[in-house]
Amino acid sequence: MKKRIIGLLMFGFSLIVSVSFVESVEAANYKEPAPTEIPTNDVEIVTYGLEDSDSIVMLSDGAVIHGEVEMRPSIDSNIVTVVNSDTDPQAITVEEFKDDPSKLVPK
């Protein structure tokens, strides 16, 4: 009986040691995501996820949009201003913006 208990204790101890070893090896092999996947400058942040042929517009508050946005001066207002980067005369392509960011001016 004593041999059986000692055997079970030794098996349990070896199991704990092997699990701890596996966890420490996995932790040692962990790698941070590559920093190149994260936009690092203003041009990359503005154009992240857009194609060079997509059009963008800068609103008067400095926000840059792609697509259509409806703006109201207040929540209760019936006045709606619609800005669409595909039809706005001040819109430029992402490629133009990358070449010369100063081309993007507020409306």
Side-chain angles (χ1 to χ4, degrees):
M1 183 73 173
K2 284 184 181 181
K3 288 183 181 182
R4 192 173 194 184
I5 293 174
I6 292 174
L8 287 174
L9 287 174
M10 290 178 60
F11 174 74
F13 178 74
S14 64
L15 185 62
I16 291 171
V17 170
S18 65
V19 169
S20 298
F21 176 74
V22 169
E23 287 177 0
S24 65
V25 169
E26 288 175 359
N29 291 333
Y30 174 76
K31 293 182 181 174
E32 289 287 331
T36 56
E37 297 172 5
I38 302 168
T40 56
N41 63 43
D42 292 342
V43 173
E44 289 177 358
I45 291 169
V46 169
T47 61
Y48 186 75
L50 298 176
E51 301 293 326
D52 284 349
S53 59
D54 289 339
S55 57
I56 55 177
V57 174
M58 182 182 283
L59 304 177
S60 59
D61 66 356
V64 177
I65 65 153
H66 166 68
E68 186 175 287
V69 65
E70 293 182 358
M71 299 179 298
R72 298 173 188 257
S74 69
I75 295 173
D76 307 355
S77 177
N78 290 332
I79 301 169
V80 178
T81 304
V82 177
V83 178
N84 187 324
S85 65
D86 293 329
T87 59
D88 194 286
Q90 286 185 299
I92 64 170
T93 64
V94 170
E95 184 175 22
E96 291 173 310
F97 176 67
K98 287 178 178 178
D99 292 341
D100 184 8
S102 67
K103 286 184 179 179
L104 189 62
V105 294
K107 290 185 64 56

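- Grouped by direct or indirect side-chain proximity (heavy atoms under 4.5 Å, Ile/Leu/Val/Met/Phe/Trp/Tyr only), Val82 sits with Val80.
- Annotation: salt bridge (charged side-chain N to carboxylate O under 4.0 Å, His left out) contacts of Lys107 (sequence neighbours excluded): Asp88.
- Taken to the nearest 0.5 Å, the NZ atom of Lys103 stands 14.0 Å off from the NZ atom of Lys98.
- When all heavy atoms of Val57 and Ala91 are compared, the closest pair comes out as CG2-CB, 3.5 Å.
- The side-chain hydrogen bond (donor to acceptor under 3.5 Å, both in side chains) pairs that include a residue from residues 58-80 are Glu68-Asn84, where partners are two or more places apart or lie in different chains.
- For Asp99, the side chain to side chain contact (heavy atoms under 4.5 Å, CB included) partners two or more places apart in sequence, or in a different chain, are Glu95.
- Note: Glu96 CD to Ile56 CD1 = 9.0 Å, rounded to the nearest 0.5 Å.
- Follow the hydrophobic side-chain contacts under 4.5 Å out from Val83 and you never reach Leu104; the two are in separate clusters.
- Qualifying side-chain hydrogen bond (donor to acceptor under 3.5 Å, both in side chains) partners for Thr47, counting only residues two or more places apart in sequence or in other chains: none.
- Connection of Val64 to Ile45 is not established within any shared hydrophobic cluster, with ILVMFWY side chains joined at heavy-atom distances below 4.5 Å, either directly or through further cluster members.
- By the side-chain hydrogen bond (donor to acceptor under 3.5 Å, both in side chains) test, Ser102 pairs with Asp100, sequence neighbours left out.
- No path of Ile, Leu, Val, Met, Phe, Trp and Tyr side chains, each step under 4.5 Å between heavy atoms, connects Ile65 with Leu50, placing them in separate hydrophobic clusters.
- Residues Ser53 and Thr93 approach most closely at O-CG2, 4.2 Å, considering heavy atoms.
- Between Ser85 and Ser55 the shortest heavy-atom distance is O-OG, 2.7 Å.
- The CG atom of Asp54 sits 12.5 Å away from atom CD1 of Ile92, with the distance rounded to the nearest 0.5 Å.
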